[in-house]
Amino acid sequence: MRTAKFCRIEEICVTLRSEKMKSLFVILIVLLTAVGPVAANPDSIRREATDSVRFTPGQLIVPGALITVGALGVGVKPFRQARIWVNNEIGVHNCSPADDIIRYLPLAGYLTLDFAGVRARRPFMDRLVAGATGAIIATALCGGLKLCVNEARPGGAGRSSFPSGHTTTAFLGAELLRLDYGPLVGAGGYLAASTVGAMRILNGRHWLNDVLAGAGIGILSARAAMWLLPFNRRWLGLNRRRGEAAVVVPAFSPADGSAMMTVALIL
C-alpha cells in the first residue's frame, strides 16, 4: 500500500491592515476551505500531463503586438495624443473598485475549477507551478517597466501608469485558463480580464495603452510559464511523483487582523 509522505509544510503569516484586504482574505478562506478536502484526494488529481505547450514564433504575435502598441503610446506623439483623446472621450467615472478583486478571478478559476468538475488538461501541481511561474514573470516584467518608464497616471496620480498591473494579472489568468481548460472556459476568463482593463480606464487609473501593454504582458507570461513547465517539472522532481496533492489550511483572527496559511504538499 502506498503511503503519503509530507515533504514540505510552509506557513505564511501576514497582518492585514486595511478593511479591503481583510475582506479579500475572508473570501479566500471560504474558497480554500471549500476546495481543500477535494485537493487532498489523490483521485481528483490522478492525471499526469502528457502534453506541453512548445514554443513557436507565432505565439509571440498577439502579445508582441499588444505590447508594441502600448509602448508606442508612451514614446510616439500621435499615439500619445490618441490615448489622451480616448481617455477624455470615456471620462473618469469611478464606477467601482471591483477590479481589485476581479483581476484575481481567472487565476483562482485556473487553480480550482478542476475541483468543481470542470476537467483540466493538467494535474493540480502542474497548474500550481505554471501559475506561480507566470506570476513571477509577469511581476518582473510589469514591475520593471513601471520603474524604468515612470509614466504619469491620468490626472497625475503617481508615476507608475505603464503598464497596468491589474490588467497583467487578469490576462495572465485568462490565458492560463484557455491553455488548460479550452477556448470556452478561456473565453470567460478573457471576458473577466477585459472587464478589468475597461474598469482601469473608467476609474481613471490608466491610459488605454497601459491596458493594452498589460494584456500583452499577461498573455506572454502565461505562455512562457507553459514553455518552462517541462523544465520546472524536472527541476522539482514532479516527473517521479505520483498521487501528489496539496492541502491548504487558512486561519484568520478578526481581533487583530492577523492571518496564517499552512500549505502542506503531500507527495
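Not measured: the values here are computed from a predicted model.
- The hydrophobic cluster containing Ile84, built from Ile/Leu/Val/Met/Phe/Trp/Tyr side-chain heavy atoms closer than 4.5 Å, also comprises Trp207.
- Distance check, rounded to the nearest 0.5 Å: CZ of Arg127 to CG of Leu107 gives 12.0 Å.
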Could you list the donor-acceptor pairs under 3.5 angstrom formed between side-chain atoms of residues 195-204 and any protein atom two or more places apart in sequence or on another chain?
residue	atom	partner	partner atom	Å
Thr195	OG1	Leu191	O	2.8
Arg200	NH1	Asp99	OD2	3.0
Asn203	OD1	Cys95	N	2.9
Asn203	ND2	Ser96	O	2.8
Asn203	ND2	Asp99	OD2	3.4
Asn203	ND2	Met199	O	3.2

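- Interatomic distance, CG of Leu172 versus CG of Leu220, reported as 10.5 Å (0.5 Å rounding).
- Heavy atoms only, all atoms of each residue included: Gly134 and Ala225 are closest at N-CB, 3.5 Å.
- For Arg178, the side-chain hydrogen bond (donor to acceptor under 3.5 Å, both in side chains) criterion is met by Glu175, not counting sequence neighbours.
- A search for ring-ring contact (aromatic ring centres under 6.0 Å, His included) contacts involving Phe171 returns Tyr190, not counting sequence neighbours.
- Evaluation of the ring-ring contact (aromatic ring centres under 6.0 Å, His included) test over residues 125-158, restricted to residues two or more places apart or in two chains, returns none.
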Identify each donor-acceptor pair in which a side-chain atom of residues 57-71 lies under 3.5 Å from a protein atom, sequence neighbours left out, and give them as a table.
residue	atom	partner	partner atom	Å
Gln59	OE1	Trp227	NE1	2.8
Gln59	NE2	Arg54	O	2.6
Gln59	NE2	Thr56	OG1	3.1
Thr68	OG1	Gly64	O	2.7

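- Leu147 belongs to no multi-residue hydrophobic cluster, having no ILVMFWY side-chain contact under 4.5 Å with any other such residue.
- To the nearest 0.5 angstrom, Arg233 atom CZ is 4.0 Å from Asp126 atom CG.
- Hydrophobic clustering, with ILVMFWY side chains joined whenever heavy atoms are under 4.5 angstrom apart, keeps Leu212 apart from Val149.
- Side-chain contact between Ile137 and Leu228 is present, with at least one heavy-atom pair separated by less than 4.5 Å.
- Side-chain contact between Arg103 and Thr168 is absent, with no heavy-atom pair separated by less than 4.5 Å.
- Looking at Tyr181, its side chain does come within 3.5 Å of a backbone N or O of Tyr110 through a donor-acceptor pair.
- Contacts classified as ring-ring contact (aromatic ring centres under 6.0 Å, His included) and involving residues 144-167 (residues at least two apart or in different chains) are not found.
- Not a single donor-acceptor pair under 3.5 Å links the side chain of Asp180 to the backbone N or O of Ala120.
- Cluster membership check: Leu176 shares its hydrophobic cluster with Leu113, using side-chain heavy-atom separations under 4.5 Å among Ile, Leu, Val, Met, Phe, Trp and Tyr.
- Tested against Asn209 for a side-chain contact (heavy atoms from CB on, under 4.5 Å), the candidates Leu72, Val74, Asn87 yield a single pass: Val74.
- For Gly189 against Pro106, the heavy-atom pair with the smallest separation is O-CG, 3.9 Å.
- Rounding to the nearest 0.5 Å places OG of Ser161 at 3.5 Å from CG of Asp210.
- Note that CD1 of Ile136 and CG of Leu141 are 12.0 Å apart. Values are rounded to the nearest 0.5 Å.
- Using a 4.0 Å cut-off between a side-chain N of Lys or Arg and a carboxylate O of Asp or Glu, Arg83 and Glu89 do not qualify as a salt bridge.
- Both Val185 and Met226 are assigned to one and the same hydrophobic cluster, defined by single-linkage of ILVMFWY side chains at heavy-atom distances under 4.5 Å.
- In this structure, Arg153 contributes its side chain and Arg205 its backbone to a donor-acceptor pair below 3.5 Å.
- Not a single side-chain hydrogen bond (donor to acceptor under 3.5 Å, both in side chains) links Arg159 to another residue, sequence neighbours left out.
- Rounded to the nearest 0.5 angstrom, Leu179 CG and Leu229 CG are separated by 11.0 Å.
- Under the ring-ring contact (aromatic ring centres under 6.0 Å, His included) criterion, Phe231 pairs with no residue at all, not counting sequence neighbours.
- In terms of heavy atoms, Thr167 sits closest to Val211 at CG2-O, 3.5 Å.
- Sorted by first and then second residue, the ring-ring contact (aromatic ring centres under 6.0 Å, His included) pairs with a member in residues 62-93 form an empty list; sequence neighbours excluded.
- With sequence neighbours excluded, the residues forming a side-chain hydrogen bond (donor to acceptor under 3.5 Å, both in side chains) with Asn232 are Thr133, listed by chain and number.
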